[in-house]
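Just so we're on the same page: letters track the sequence lines, and every chain starts at 1. Quantities reported herein were computed from a predicted structural model and do not represent experimental measurements.
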Amino acid sequence: MEKSYDHLRTEADWYRRWEEAGLFTPAPEPTGIPFSIILPPPNVTGSLHIGHALTLSLPDIIVRRKKMQGFHVLWLPGVDHAGIATQMMVEKNLKQETGQSKEDLGREKFLQLTWEWKERSQQQIVGQIKKLGLALDWTRMKFTLSDEMQRVVRKVFVALYREGKVYQGTYMVNRCPNCKTVLSDLEVEHKEVQGRLTHIRYPLRSDPRRWVVVATTRPETMLGDVAVAVHPKDPRYKKRIGQEILLPLTGRAIPIVGDEDVDREFGSGAVKVTPAHDPVDFRIALKHGLEKIVVIDERARMTGPIPERYLGLDRFACRRAVVEDLRAQGLIEKEEDYVHNVGHCQRCETMVEPNISKQWFLRTAELAPPAIEAVRAGETVFIPDKWKKVYFNWMENIQDWCISRQLWWGHRIPAFYCADCHEVIVSEQDPSACPKCGGARLHQDEDVLDTWFSSALWPFTTLGWQDDRADFRTFYPTSLMVTAFDIIFFWVARMMMMGLHFGKAVPFREVLINGLIRDEKGQKMSKTKGNAVDPLDIIREYGADALRFTLAIQAVPGMDIALAVGRVKGYKAFTNKIWNAARYVIMNLKGDEPAAFAPARLSAPDRWVLHRLNALAEKVNAGFDEYRLYEAADLIYHFVWDEYCDWYLEFSKSDLDSPDTRAVLKLTLLRILQLLHPFMPYLTEEIYQRIRLERAFLIQTEFPAFRSELVFPEAHAEVEALRRVVAETRRTRTENRIEPNKRIPVYLRCDAEAERRSLQAHLKYYDFLSRSQRTEIVDDFSGLPKGFRGVCPNWEILLPFTDDQDRQRELQRLRQEHDKLDKLIAQMEAKLGGGFAEKAPAEVILNFKKNLQEAIDKRAKIARTVVDLS
RNA sequence: GGGCGGUUAGCUCAGCUGGUAGAGCAUCGGUUUUACACGCCGGGUGUCAGAGGUUCAAACCCUCUACCGCCCA
């Protein structure tokens, strides 16, 4: 084996071999309890980012352990067509390369181009996913816009339409003038912006010298005003209700209405009503039967029955023009700076334009309650628990979902319009004639569905619900969904509604919510900020295993991760450490190691390491079961480094001629590989192949579990005592600047007979680890050469001086330590004198007293030594 | 306006049911001991944001405050 671990070599080829061996493809017949996870499909917009590395690695770690535990595991991959995002990218690309717009190309050609883009992007993404080592079953891979998915999405849409849950209606929706499509409420981000509040005088029709002042941040919308509203109980305006305003610039007469929704505190207390361009005004208009005058079009340009000079102006240009004209007429009361919340397109950050239009909606009134109830009843569990509150809060206030989009890339809405009788036909098959009038002049709705619509169906459609396939029956409901909190509403909530409605059960039993990955300063990563970390760079430099381990050990559920590259580096060192531990073990194997061993024949360190490893397996399993992967990873890390390498391998060097010890070396190495395999699949596989036992691949072996026959409390206690004495000897040597390599004589004294006998029997370990030339355990230090002293529970250590300077140094050190202990003991005794002794549980007091006694003993020993040396 | 997080060693973070604080990196001293210098041995480092409360005992529970961040309306 090479002296250091080469992750590039190891990670190059294993994936192909795993895949070829079909390790990730579950057999048709269940071989155990089913366990399934559906991969949140990455968008085909480009490449994976570091956030994906987290949401991909965590379930993979879980999946690999489940496989090793004998579950019948499915981990199903897919990619998402990502409507808006992809279409915009392709459009941008097209513009850059040929200067053409998608309209220049036409729908069909543009879609063809997008499909080509999708193929390239998908290839890239799949390649990246494989680099991470994910145990995905590629034979079952899905794409949200495949023919199969188009069929099932259409089937679902038609079913919902027939149930009256999908409907077409003219309502106020959010429109992005840049993306040229409507958006759902969720795709709108509210951001505070610095605006101006303009107070405009609206003259009364009856007496143009008197006016009502209205305040607005959007003066250009006044061209579409149909009323002025005041609170019916507002004494300032009560008498004006029913009167009319002569709307400036247009000359239209509009009424003053009273409405309880008016906020009396805002501006002057009177508000202008523009129903076509403001959601609140829209509601007011509905109540009062006011007309809706559209004055801004889809591209945010002025339109409609307005003075010609404004027609075609951009909304912001028109705003300036309107204010200027009003000022010229002396109708601006005042203008003031004003900070307010404005909706922005999540995708392109353009200010959205509220706008009335005819769109398709999904009625949520009947879908949401079962989804709420399922979580309340514990059929789906959020981890951590607190996220269910977020879920409830949203679900209980859910609005109907606008599902149509003015895009080309997506599931085309299966609605057809008859040109003759205007009948709307929604059906699974394309109709050839109008069922009402028999006319053949039909055209399909131009719009496509919101991408999240197909995503909402993902857990059951990927498993073949539409054809009642065996996978659906075996793996639905899926076991777990791992995702970040930012898509609880977009995705998790909607999967719950659709899964329950069509799949007749919750889509997943558990939802593991992880945080976002930030940079090492805690800043959100973004390309524009330039602080984004490319997972492939990390993998190239440190390895997928190191990256996976770093993410796992930091992934406290629901908490953001600040990814410090230094940590990845640290865990890369860990991979090398494991490599070398394995190298040591394998180098020393002779092939004659017994397959089974009798505990009685094992050395104390052998039994100690088996005991420790067994305890580790128990805790690691508990960590996994409670989704504390970070804890499981941390425990393994410390066991391997601090116990296995630092102590057991060192102990074993004294026993290499024992076949039993060599057998234990081999077994413990295997167990470590198994425990670590979910986190570090490549490294562990590479090493496993060199000590391979009965199974071809590590993932086919059994994940270690706690076993009662591997509990050895006596050996454990003996070795722990031995470690303490060795550690204290080392400390004494270092503190006194005894050359690390120098072998010197050591005298030991012990207060506990059992420990003394045990150490006497294990002197070879002690001598080796503390570099003792010759060790003598004596009853009494008197009569021996004077020396440095070390003290630990039950033991005193004497390392003879080589000159008198040594003695002076030691005396000084001992006096200092004596003082320290004095203070500590005083503190502890004071505590014991207080209420602590009366009220604390007996066990705690006992432990405390033990610690106190140890301190007192140690102080006494030091005191004696000081006298002795003086 | 409502809600949720965070504030612990120089940096990034753990700390599960309250029992005198830990990891990685960095740092300091020593060390090429026959698996590993990506190593080994040893060390230093903290008014656990602040104030108050509950308790024998608080990083942990309660209240308030400050700052940072997020979500919803």
* To the nearest Å, give me how far apart CZ (A:Arg567) and P (B:C25) are. => 9 Å
* Charged tip of A:Arg731 within 45° of A:Trp795 ring normal and under 6.0 Å -> no
* On a whole-Å scale, what distance lies between the P atoms belonging to B:C40 and B:A66? -> 48 Å
* Asked: Over how many whole Å does the gap from A:Ile845 atom CD1 to B:A57 atom C1' extend?
  -> 11 Å
* To do: Please state the C1' separation for the pair B:U32 and B:G24 - nearest whole angstrom.
  => 25 Å
* For B:C60 versus B:G2, give the span between their P atoms, rounded off to a whole number of Å. => 26 Å
* Given atom CG of A:Asn397 and atom P of B:G3, what is their separation to the nearest angstrom? -> 14 Å
* Round to a whole Å and report the spacing from NZ of A:Lys388 to C1' of B:G3. => 16 Å
* Asked: Out of A:Trp641, A:Phe679, A:Phe549, which residue meets the ring-ring contact (aromatic ring centres under 6.0 Å, His included) rule with A:Tyr571?
  -> A:Phe549
* Structure fact -> Assert: residue with more 5' nearest nucleotide on RNA chain B, out of A:Asp634 and A:Lys389, is A:Lys389
* Asked: How would nucleotides 35-45 of chain B be written as a contact map, 5' to 3', with B for base contact, S for sugar-phosphate-only contact and - for no contact, using protein heavy atoms under 4.0 Å?
  -> BBSBSSSSS--
* Nearest of B:C71, B:U12, B:U33 to any side-chain atom of A:Phe489? -> B:C71
* For atom P, what is the distance between B:G53 and B:A59, given to the nearest Å? -> 15 Å
* Spacing of the C1' atoms in B:C67 and B:A51 (rounded, Å) -> 15 Å
* Going by atom types alone, do A:Tyr648 and A:Asp606 pair a side-chain donor with an acceptor below 3.5 Å? -> yes
* **Rounded distance (Å) that lies between atom P of B:A14 and atom CD of A:Glu631** => 13 Å
* Asked: Which whole-number value in Å describes the distance from A:Leu846 CG to B:A57 P?
  -> 21 Å
* Asked: How are the rings of A:Tyr391 and A:Phe382 set relative to one another: parallel (under 30°), tilted (30 to 60°) or perpendicular (over 60°)?
  -> tilted
* Asked: Base, sugar-phosphate alone, or nothing: which one does A:Arg628 contact when heavy atoms must sit under 4.0 Å apart?
  -> base
* Asked: If pairs are Watson-Crick or G-U with both distances under 3.5 Å, what is the dot-bracket string of RNA chain B, marking crossing pairs with [ ] and pairs to another strand with |?
  -> (((((((..((((.....[..)))).(((((.......))))).....(((((..]....)))))))))))).
* To do: Please report, rounded to the nearest Å, how far the P atom of B:U34 is from the CZ atom of A:Arg771.
  => 9 Å
* Looking across every strand, which nucleic acid part, if any, lies under 4.0 Å from A:Val844 by heavy atom: base, sugar-phosphate, or nothing? -> base
* **Modelled atom types, side-chain donor and acceptor of A:Tyr627 and A:Glu510, under 3.5 Å** => yes
* Distance-only polar pair, side chains of A:Glu720 and A:Trp608, donor-acceptor under 3.5 Å -> yes
* Side-chain N or O of A:Tyr630 closer than 4.0 Å to phosphate OP1/OP2 of B:A23 -> no
* To do: Evaluate the ring planes of A:Tyr5 and A:Trp579, with Trp represented by its six-membered ring, and classify them as parallel (under 30°), tilted (30 to 60°) or perpendicular (over 60°).
  => tilted
* Is a side-chain donor-acceptor pair under 3.5 Å present for A:Tyr584 with A:Ser652? -> yes
* When the C1' atoms of B:U8 and B:A58 are considered, how many whole Å apart are they? -> 14 Å
* To do: Take atom P in B:A23 and the same atom in B:C41, then report the distance between them in whole Å.
  => 14 Å
* Do A:Asp642 and A:Tyr637 have a side chain donor and acceptor closer than 3.5 Å? -> no
* To do: Answer with yes or no whether the side chains of A:Asp767 and A:Thr775 bring together a donor and an acceptor at under 3.5 Å.
  => yes
* Take atom P in B:C25 and the same atom in B:C71, then report the distance between them in whole Å. => 34 Å
* What integer distance in Å separates A:Ile553:CD1 from B:G24:C1'? -> 8 Å
* To do: Answer with yes or no whether the side chains of A:Tyr766 and A:Thr729 bring together a donor and an acceptor at under 3.5 Å.
  => yes
